[in-house]
Participant: 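Right, I'll just put the structure down here and ask away after.
Here is how names work: the chains are called A, B, and so on, in the same order as the sequence lines, proteins then strands, and each is numbered from 1.
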Amino acid sequence: MTIETTPKMSWWNRLAHPGQFMAWTRPLIWPLAILTLALFLAGLWFAFFASPADYQMGDTVRIMYVHVPTAWLGQFIYATMAVSALGTLVWRHPLADVSMKAAAPMGAAFTAMALFTGSMWGRPTWGTFWEWDGRMTSTLILLFIYLGIVALWRAFDDQLRAARVVAAFTLVGAINVPIIKFSVDWWSTLHQPASVFTPEGPKMPFSILLPLFLMFFAFTFLFATLQLVAMHTEIRRRRVMTLERRAARGDAR
Amino acid sequence: MSGFRSVLRRELRLALAGGSDMLTLVLFFVIVGAIVPFAVGPDRQLLARIAPGIVWIAAFLSMLLGLDRLFRPDREDGTLTLYRLAELPLAAAIAAKVIAHWLTAALPLILASPFLAMILAMDEPTFWRTLASLALGTPALAAFGTFGAAVTAATRRGGLLAPILIAPLSVPVLIFGVGAISPLGGPDQAAAAMLFLAALSLMALALSPFASALAIGWGEE
Amino acid sequence: MSGFRSVLRRELRLALAGGSDMLTLVLFFVIVGAIVPFAVGPDRQLLARIAPGIVWIAAFLSMLLGLDRLFRPDREDGTLTLYRLAELPLAAAIAAKVIAHWLTAALPLILASPFLAMILAMDEPTFWRTLASLALGTPALAAFGTFGAAVTAATRRGGLLAPILIAPLSVPVLIFGVGAISPLGGPDQAAAAMLFLAALSLMALALSPFASALAIGWGEE
Amino acid sequence: MTQRQVFPRLFLRTSDLACGRGGMVLARNLALAVAPGTGLLLRGPNGAGKSTLLLTLAGLLPPLAGTIEIEGHDPEAGKILHHCGHRNAVRARLGVAETLKFWAAINGATGMPAGAALERVGLGRLARLDAAYLSAGQQRRLALARLLVSRRPLWLLDEPSAALDAEGQALLGSLLEEHFAAGGLAVIATHDAIAADGLATLTLGGAA
Amino acid sequence: MTQRQVFPRLFLRTSDLACGRGGMVLARNLALAVAPGTGLLLRGPNGAGKSTLLLTLAGLLPPLAGTIEIEGHDPEAGKILHHCGHRNAVRARLGVAETLKFWAAINGATGMPAGAALERVGLGRLARLDAAYLSAGQQRRLALARLLVSRRPLWLLDEPSAALDAEGQALLGSLLEEHFAAGGLAVIATHDAIAADGLATLTLGGAA
Amino acid sequence: MIELGQHAAFIVLAYAGVFLGVAALVLWTVFDGRRTSARLEALSDPKSR
Ligand code: HEM
Ligand SMILES: Nc1ncnc2c1ncn2[C@@H]1O[C@H](COP(=O)(O)OP(=O)(O)OP(=O)(O)O)[C@@H](O)[C@H]1O
Ligand SMILES: Nc1ncnc2c1ncn2[C@@H]1O[C@H](COP(=O)(O)OP(=O)(O)OP(=O)(O)O)[C@@H](O)[C@H]1O
Ligand SMILES: [Mg+2]
Ligand SMILES: [Mg+2]
């Protein structure tokens, strides 16, 4: 089916065709990358030179500017994957599984960074790198789920077959994540009444909020850029695999 | 539903005829429990305090051990293909497998738990609560495990994959299982945990066969 | 001995070709360790005390779960028959398998153990001793495990034999492994345990290929 | 021999069917038509896609293009096809009769009783043996017995004669003729000659 | 074709051999004699004990009675026989050529190079494919290539023609004739006709 | 550079870790994209086979 013969192509249908998708989104990559870079530069400048130390936490508050965005991405990327999984199973959108596959390792990476920065924060604040606090613990479990999904993708030879199975697992995971969060919170309050995180969001002064927001958007756009590139790569990789199999059979038709 | 009963009977027959699988599980369960005193030293009070947790961990790990046997042999010798073409719906066959898995991988552990309770110096009321929480919680583990095995059935190498997929998802079972025993949060907390455990088990049991059947249908061949 | 190297290469290839297998194994090890606090509670002191036991049980379990793929696939697809008729002696092929098993099932765990040590609040001296005891003890587990797998592979029905054989052999490894770390009996006890572990590993490594080859040769067909 | 035409009159028709593995097309533009009481032999070199086509017809692999229709089939009436692949689904530790009864239970015991089916395929005396002890040909016979214990009109057989001795080949032929006489259909991938009437041949093309 | 008589002159002789499984005698008083450059076809109904006899000759099962002798064999010279059973020893995730090279390494690379052997059996173009993706007949061809990469005088083949297409059967015949020309021996259990000269036939008796 | 106080090491480590993580992610994504494109080019070019 060529474009001319198709009577009307909505943006949805356009996105549904891998080739069209690549053609339509390729021009977005460079602007996104530049925007990301600008946001990072601004965010870092504010984080280090234009914001004061917190009156309670001192300079360690600066860790927050990388910690909170990565922790947010860790959760946001799972939501992205869950929506993509729905796209695979319900709408049969041919790009949904590409998006799902591209996102998984990035989710794992950002979650790992959240854990790392968190423990770098924890050492000066609590004196240990690791504490079995509810939020940290559920982030750790999220990391395990991500890595499991990565492993599951790699265990399949046939990516098309893998897609729906992984989608099923991702959705079951998505149902489960709130339950896990709830149970881990229940568990940690059972053992240590006071939570380590005091919700200080609204109380934060603007001088801290500004770099936080800048970094937050910088990381989010970084994810958007990388996701787009990784999806393009994945689409190409599938073509490569088809061609390689065909070549391995000596090109019989 | 004679097909359902046949699948159940077949699974039980295979598990019992082999014999070793069940014995391995129970043995492993006991070994895990028995090794802890070596690690913590013979402090009876401490042991008694962590005993419910140890029993649950042991049960949790033992049930993970048996997951690979759930679908892989059926897949390799072609039986899974037969199931997919059978009159009996695939979900029903899988429901029978969940039940058989519970009967062969969880029930023996529950029966062996008095022995563990003894080694770990558990007092009697705690023991009874442990038994109750195991009985209520292990069905959820069996159901989750079946789903994990179904998701990995189509991959050429399973082995450890199903356990790592399932273990993080089953953390709530573990938490509430232990929470239902230990008197830390007070009796009403324990009762709430017990209820939650039961709810989790029911939900998992109800959904797992369908989800697993879908995963197998999508992944196979 | 190019045959020996070929077997080794093949085993490593198969373990790595799946790609996810190594990742899976390490993940499994870490998950098992990370799950314990949910059961016994996040008390850092308590965790630090049982940490050696946890690490050893996680390692034991991971290695146990990998045993089945040692001979069963080879037996089922006929490769084992080829090994028996090969120019390369069967014991040499099995020795290669033991080494490959250790490299793919134990080494990654040792490399991942610092992470587990951190979340289990292990102190530094204990961590180094854990590392040493794992390095000394896992070869014995690999060797015993191979023998157990060989016996299971050989006897189609009497699988009952295998766990009964390995359990008594590997429990001492576990106990001495934990004993070498936790300073319960004082430092000289720990040193003795470490020595014993090393001796056990050497002996097991030396004997296991021959014993396994015999077991496989006796198993009919 | 039972009375003629026990099955409803079914037609198996495909139009423009393409099948393949892992995104690779092995056969395209297939227009099969199998009438009641007849069979289709699939022939072709190794790797031509015969097994793949059978899996596609069984609904176990998605067709890459085109449709598969079974005319005259009432979806209420349950499954209509048996697939008999390379693997015999025979498990160690279960007896021969036990294995067959299990299949009858999950597929519906609408055909012969298990004992009679075992007699029919010549395994009557081995009914209580562990099924894994059967020789290659005996396992194949057991798989054929599965077709008899549950009555289904469409048989998809992948190299059914593999490992069968001369008597087994004759048995296969007569089973097929009875099946055709009752109005059944069959699609058979094989390299051997099959001694049954009413068989058309389709040769799949060339990749060695 | 290589020069005649590359193998030492071997005779395979059994006297009074009885073989069986699990304590059950399947064949007794067997007196086989296979001369260099000839082969023996084993025929007989399913379950007669053909596979069992081959396993016994290979030394994988103990004979229940009698002896197996290979005259002219120098025990120093290494293993003298290839056994090619029902199962092809083909593993997923290893490439076709890789699988063959592995066999060459553990059996000694005394025959053709792997690439040439693959060409010979018609798998040359599939050398880099994952071996588990091969069709049934292609896997069988790969198993035959194993006989070529390590030169051994005695071949014990169990239904070598299973799943092979017509061209594959011809290939098998010519491989056997070359083997005989070089002074090799073969014992072959089969239900099909094998197109090679110098084959005697032994029919094993009765149990259906 | 500004003073980071007594916990400078942790702050620097945290940022270094995140920098390494992000850099690895970016480099891998770019490298994987290039590699795949090159492979695709090589395969779809009829002469190079
Ligand atoms: C490995 C350790 C840690 C992990 C996994 C972790 C995880 C998280 C997560 C998931 C969030 C929520 C982000 C969101 O909702 O957008 C968060 C926010 C936050 N974390 Fe951490 N954290 C860790 C350690 C720490 C430490 C040690 C501190 C400081 C004492 C800290 C301070 C904060 C703050 C201030 C926020 C923002 C709170 C808010 O917006 O309500 N975190 N962290
Ligand atoms: N899972 C798979 N992924 C990709 N290709 C595959 C897969 N399985 C098989 N193939 C390829 O499909 C082709 C056809 O295989 P198929 O089993 O249908 O052949 P066949 O006609 O049955 O051959 P035979 O007569 O040898 O049984 C083979 O060339 C094989 O390489
Ligand atoms: N492990 C075993 N224990 C006991 N009996 C067995 C065992 N394996 C096979 N048998 C029996 O041995 C008999 C002969 O089997 P074998 O495989 O040698 O037959 P075959 O001649 O090769 O038949 P086919 O032509 O079907 O391949 C069968 O009747 C089978 O029941
Ligand atoms: Mg085929
Ligand atoms: Mg045979």
Participant: Counting only non-hydrogen atoms closer than 4.5 Å, does A121(C) touch chain A with its backbone (N, CA, C, O), its side chain (CB onward), both, or neither?
Facilitator: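 No part of it gets close to chain A.
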Participant: Are any of the side-chain nitrogens in R161(A) or D97(A) under 4.0 Å away from the carboxylate oxygens of its partner?
Facilitator: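 The answer is no: the pair does not qualify as a salt bridge.
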Participant: Less than 6.0 Å separating the ring centroids of F219(A) and F40(A)?
Facilitator: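 Yes.
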Participant: Students often mix this up, so state it plainly: with edges at 30° and 60°, are the rings of W72(A) and F76(A) parallel, tilted or perpendicular?
Facilitator: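 Parallel.
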Participant: Could you look at L27(C) and say if it's the side chain, the backbone, both or neither that has a heavy atom under 4.5 Å from chain A?
Facilitator: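 The side chain, not the backbone.
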Participant: Side chain from CB out, backbone as N, CA, C, O: work out which of these in I35(C) comes under 4.5 Å of a heavy atom of chain A, or both, or neither.
Facilitator: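 For I35(C), no heavy atom lies under 4.5 Å from chain A.
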Participant: Do the charged groups of D74(C) and K97(C) touch, with an N to O distance under 4.0 Å?
Facilitator: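 Result for this pair is yes, salt bridge flagged.
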